[in-house]
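Reminder, nothing fancy here: chain letters follow the sequence lines and each chain counts from 1. All values derive from a computational prediction rather than experimental measurement.
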Number of protein chains: 2
Amino acid sequence: MSRPVEFDRDQAVQKAVHLFWQRGYQATSLADLLDAMGLSRSSFYGAFGDKRGLFVECLDVFAVRNQAILQRARDRKPPMAALRSYFERNFGRTSVPDLHFGCMLVNTVIEMAAIDQGLCDLAGQHLKTVQDLFEACLGDAGAEPDEAKRAAAFLMMVNEGAWVADRQRISIPDQLARINTAFGYVEGSIANRNTAKAQL
Amino acid sequence: MSRPVEFDRDQAVQKAVHLFWQRGYQATSLADLLDAMGLSRSSFYGAFGDKRGLFVECLDVFAVRNQAILQRARDRKPPMAALRSYFERNFGRTSVPDLHFGCMLVNTVIEMAAIDQGLCDLAGQHLKTVQDLFEACLGDAGAEPDEAKRAAAFLMMVNEGAWVADRQRISIPDQLARINTAFGYVEGSIANRNTAKAQL
DNA sequence: ACAATTATGGACCTACCGTTCCAGAAAGAT
DNA sequence: ATCTTTCTGGAACGGTAGGTCCATAATTGT
């Protein structure tokens with residue numbers, strides 16, 4: 001039936017993710033998007049509804065991609081190693097040098113909190129999903145349920161703080177040192193509890 | 001000499017701080033500012049140059065006010081108690097209920113990183129000043145210089161992460177629990193090193 | 001009281017925002 | 001080949017952004 005769509009939708013969304021991730025919602029104009037995605041206004045509105053709709057889609061794409069990093073590590077490594085590799089991959093990447101865009105979810109929470117609570121909440125939900133993954137890893141690593149919850153909340157705080165520093169273009173060694181400090185604390189805490197439990 | 005200024009400059013800046021703090025730079029329009037500050041366009045441009053100039057001034061005001069909280073605590077309490085009270089005051093305030101604006105410095109780093117590097121750097125510098133205060137407190141508390149540096153960097157990461165959660169309207173008990181976890185780690189670490197040093 | 005100086009209110013400017021709309025081009029179905 | 005459907009490019013829309021300008025009002029020094 002009739003003329004088919006000419007552009008690759010997924011590829012266009014990827015371009016949009018990159019732009020929104022880097023510049024945020026407000027500072028990314030429709031003209032910027034159309035230029036990067038390589039499509040006309042009509043095609044844009046036909047395919048995505050409006051700017052906000054595209055942003056929601058980008059948020060979801062980003063979140064899935066982000067969760068997959070941890071999920072894959074979890075399938076292949078011991079739980080604590082998987083957690084560490086998630087942080088090391090995010091904060092220790094040496095491949096592309098100046099990619100200090102932070103985390104699109106954190107950026108959105110901060111930028112949109114007082115502007116569009118729906119977007120803020122959506123980004124927050126995605127972050128909560130990651131925190132739940134943290135909790136699952138910690139449980140697998142032998143932490144008691146309440147200890148896993150406590151440590152997962154702590155690690156999410158660390159994660160969010162590290163992303164703020166990322167936008168300040170903190171050096172990779174400094175960043176990794178801070179992450180390492182935090183993990184040392186958490187692992188020490190879990191080890192102590194396990195030891196205490198063994199002594200009962 | 002001629003007609004004097006009619007409005008209270010400091011008071012006007014306070015109003016502007018409140019607006020920028022809540023909504024960020026981009027989402028705060030000149031009309032919003034003029035309305036809140038209660039002055040006309042001419043007076044505004046006469047007194048502050050332009051929107052960006054006012055924002056810089058607000059950033060400074062916010063930073064000074066913020067640093068003063070820690071500085072005052074430091075004058076009155078033991079160093080670790082001063083540090084704790086800084087966090088507890090920021091994240092445990094029960095006075096005004098729904099004031100979840102985060103930290104204007106953190107908000108600015110995130111919002112402006114890719115838009116206006118000057119503003120991002122300025123906010124980052126102010127944060128660094130707070131981190132230096134952390135370091136000084138930890139030094140006073142008996143931490144070795146490198147340990148104080150390490151722990152201060154860690155606490156700044158915690159601070160930034162907690163402010164992100166604040167914008168998500170995290171509950172005060174959850175927030176304080178996370179802060180408490182972090183402080184437990186840091187104090188344990190310093191105590192251990194002090195013990196180890198005593199055993200030499 | 002008058003002159004000199006400066007703040008003030010508000011009209012005005014240009015640029016850009018996100019969105020809508022429409023005429024025309026392109027492709028599948030018959 | 002024709003018809004129908006859908007996509008596409010670009011013009012046009014109203015609204016708002018930050019910033020400028022000027023006539024007027026107000027105050028101090030003389």
Atom-to-atom span, [atom1] of [X] to [atom2] of [N] - whole angstrom:
X: A:L39; N: C:dA25; atom1: CG; atom2: P; result: 21 Å
X: B:D8; N: C:dA7; atom1: CG; atom2: C1'; result: 16 Å
X: B:L19; N: D:dG18; atom1: CG; atom2: P; result: 12 Å
X: B:R9; N: C:dT6; atom1: CZ; atom2: P; result: 17 Å
X: A:F48; N: D:dT8; atom1: CZ; atom2: P; result: 11 Å

Answer yes if the ring centres of B:F134 and B:F87 are under 6.0 angstrom apart, and no otherwise. yes

I want to know whether B:F154 and B:Y185 have ring centres closer than 6.0 Å. no

Please confirm whether B:K51 makes a cation-pi placement over B:Y25, using NZ or CZ under 6.0 Å from the six-membered ring centre and within 45° of the ring normal. yes

Looking only at side-chain N and O atoms, does B:S40 come under 4.0 Å of OP1 or OP2 in C:dT8? no

Verify ring-ring contact (aromatic ring centres under 6.0 Å, His included) between A:F62 and A:F20, making sure each step is shown before the conclusion. CA-CA 10 Å; A:F62 184 93; A:F20 278 136; over 10 Å; no

For nucleotides 13-19 of chain C, give me every protein contact, N/O to N/O, under 3.5 Å, one pair per line with atom names.
residue : atom : partner : partner atom : Å
C:dG18  : OP1  : A:K51   : NZ           : 2.7
C:dG18  : OP2  : A:L30   : N            : 2.7
C:dG18  : N7   : A:R41   : NH2          : 3.4
C:dT19  : OP2  : A:Y45   : OH           : 2.9
C:dT19  : OP2  : A:K51   : N            : 3.2
C:dT19  : O5'  : A:Y45   : OH           : 3.3
C:dT19  : O4   : A:R41   : NE           : 2.4
C:dT19  : O4   : A:R41   : NH2          : 3.2

Side-chain donor/acceptor of B:H100 to backbone N/O of B:D166, under 3.5 Å: yes

Which distance, rounded to the nearest 0.5 Å, do you find between the CG of A:D35 and the CG of A:L30? 11.5 Å

Is B:S43 touching bases, backbone alone, or none of the nucleic acid, heavy atoms closer than 4.0 Å? sugar-phosphate

